[in-house]
Amino acid sequence: MSEAVLSLQGIERTYAGAKPLTVLKDATVHLVPGEVVGLVGPSGSGKSSLLHVAGLLEEPQAGTVTVAGHDGLTRKDSERTALRRSMIGFVYQFHHLLPEFDARENIVLPQLIAGKSRKSAIAEADRLLGLMGLTERADHRPAELSGGEQQRVAIARAFANKPRIILADEPTGNLDPRTSNAVFEAFFRAAREEGVAALVATHNLALADRMDRAITLREGRVIPWTGIEHPAA
């Protein structure tokens with residue numbers, strides 16, 4: 001079995017307040033390259049918090065996060081940011097594309113920020129648009145694209161800097177069932193071809209059932225999910 005590219009071990013996450021809320025309690029997750037893992041559970045169960053900790057966007061009260069062999073929590077903020085930018089791609093429920101730029105430019109821009117030449121960034125953007133089935137839509141701005149096309153551009157953007165890990169928070173949650181299925185197929189295919197590990201939070205149990213495996217959060221702990229007929233309570 002491949003060595004884990006993302007490991008969360010013993011994660012504790014509590015939000016302060018008049019009544020502190022603990023959402024993660026000894027949560028442990030390991031992902032290997034090329035593996036697409038579903039994260040299911042009811043609203044408020046801690047799915048987004050787990051993704052934020054995995055993406056080095058939030059710091060837990062306890063536990064460790066290891067990204068491609070690098071300790072993600074003992075570093076300075078600038079070092080965590082650099083690790084996140086080089087190793088992790090993010091996909092959200094809403095595409096957050098820049099409206100003034102076309103599909104190609106939305107994928108080129110993060111590569112330029114990372115220091116790539118414009119020529120290589122354009123070549124990579126066109127390759128990813130082809131992988132997403134959007135070659136003919138490269139010159140279209142977001143407003144000229146359907147919801148599913150916009151989300152596929154956002155997925156391509158997440159892959160643009162060749163991350164080792166993709167974290168997706170309800171990537172098809174804003175789409176109708178047919179479009180949701182097409183977007184998921186594009187995402188799954190890209191993860192396989194690019195060899196990344198993906199952790200996908202979703203309420204769509206049918207999609208979760210098609211992933212390599214799925215996990216759920218119960219009382220703050222990560223446990224295996226047994227399938228569509230047994231959703232998290």
Side-chain angles (χ1 to χ4, degrees), residues 5-6 33-34 36 48 51-52 54-57 67-68 77-176 178-202 207:
V5 70
L6 174 66
V36 179
S48 292
L51 290 177
H52 291 166
L56 308 179
L57 296 170
V67 177
D77 286 347
S78 60
E79 294 174 332
R80 279 201 299 272
T81 298
L83 183 61
R84 182 169 58 246
R85 285 178 176 172
S86 64
M87 295 288 181
I88 303 172
F90 296 89
V91 182
Y92 299 99
Q93 180 174 350
F94 299 99
H95 55 78
H96 299 300
L97 298 174
L98 298 174
E100 65 270 33
F101 295 104
D102 63 28
R104 179 185 290 110
E105 285 296 317
N106 267 279
I107 303 168
V108 165
L109 284 172
Q111 298 180 73
L112 297 181
I113 292 169
K116 292 185 181 179
S117 71
R118 184 167 186 83
K119 181 178 179 180
S120 64
I122 290 173
E124 179 65 4
D126 286 343
R127 184 185 74 83
L128 289 168
L129 285 168
L131 188 61
M132 291 289 119
L134 293 173
T135 297
E136 301 301 320
R137 309 293 278 168
D139 298 323
H140 290 69
R141 294 185 180 184
E144 301 171 310
L145 302 172
S146 70
E149 288 171 338
Q150 290 171 349
Q151 195 66 333
R152 278 185 280 160
V153 174
I155 290 169
R157 180 182 57 189
F159 282 91
N161 284 323
K162 298 190 179 300
R164 301 286 303 280
I165 301 155
I166 294 285
L167 301 175
D169 197 352
E170 298 289 350
T172 64
N174 200 39
L175 304 172
D176 64 77
R178 181 177 179 180
T179 305
S180 175
N181 184 66
V183 169
F184 173 76
E185 287 296 334
F187 178 88
F188 196 87
R189 182 172 61 252
R192 279 281 190 270
E193 295 194 16
E194 302 299 301
V196 306
L199 183 60
V200 184
T202 181
L207 290 186

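Numbers here are sequence positions counted from 1. Keep in mind that this is a model prediction, so the values were computed, not measured.
To the nearest 0.5 Å, atoms NE2 (His95) and CZ (Arg157) are separated by 9.0 Å. Between the CD1 atom of Ile165 and the CE atom of Met87 there is a distance of 8.0 Å, given to the nearest 0.5 Å. To the nearest 0.5 Å, the span separating CZ on Arg80 from CG on Leu56 amounts to 7.0 Å. Of the inter-residue distances, the one linking Thr179 atom OG1 with Gln151 atom CD reads 11.0 Å to the nearest 0.5 angstrom. Between the CG atom in Leu97 and the CG atom in Leu109 there is a gap of 11.0 Å [rounded to 0.5 Å]. Rounding to the nearest 0.5 Å gives a distance of 11.5 Å between CD1 of Ile166 and CG of Leu199.
The minimum heavy-atom distance between Phe159 and Glu194, with the atom names listed, is CD2-CG, 3.7 Å. Residue Pro171 comes nearest to Ala201 through the heavy atom pair CD-O, 3.6 Å, listed as atom of the first residue, atom of the second, then distance. Summarising the geometry of Ala103 relative to Arg137, their closest heavy-atom pair is CB-O, 3.7 Å, with the distance given to 0.1 Å. When all heavy atoms of Ala190 and Met132 are compared, the pair lying nearest together is CB-CE, 3.5 Å. Between Phe90 and Ala158, the shortest heavy-atom distance links the atoms O-CB, 3.5 Å. Minimum heavy-atom separation, Ala143 to Gln150: N-NE2, 4.3 Å.
In this structure the side chain of Ile122 reaches within 4.5 angstrom of the side chain of Arg118, judged on heavy atoms. Side chains of Val91 and Leu167 form no contact here, defined as non-hydrogen atoms less than 4.5 Å apart. Taking 4.5 Å as the limit, some side-chain heavy atom of Leu57 sits within range of a side-chain heavy atom of Arg84. Side chains of Val200 and Phe184 form no contact here, defined as non-hydrogen atoms less than 4.5 Å apart. Counting heavy atoms from C-beta outward, Asp126 and Arg104 have side chains that approach closer than 4.5 Å.
Around CZ of Arg164, the count of heavy atoms belonging to other residues, nucleotides or ligands within 6.0 Å does not exceed 12. Counting non-hydrogen atoms of neighbouring residues, nucleotides and ligands closer than 6.0 angstrom, the CD atom of Glu136 reaches no more than 12 such neighbours. For Arg127, the CZ atom counts as densely surrounded, since its 6.0 Å shell holds more than 12 non-hydrogen atoms of other residues, nucleotides or ligands.
Proximity of a side-chain donor or acceptor of Asn161 to a complementary backbone N or O of Pro110 within less than 3.5 Å is detected. One N or O on the side chain of Asn106 and one on the backbone of Phe101 form a donor-acceptor pair closer than 3.5 Å.
When the side chain to side chain donor-acceptor pair (under 3.5 Å) test is applied to Ser78, no partner is found at least two apart in sequence or on another chain. Listed by chain and residue number, nothing satisfies the side chain to side chain donor-acceptor pair (under 3.5 Å) test with Asp102 (two or more places apart in sequence, or in another chain).
Ring geometry, His96 versus Tyr92: the interplanar angle exceeds 60°, so the pair is classed perpendicular (tilted spans 30 to 60°).
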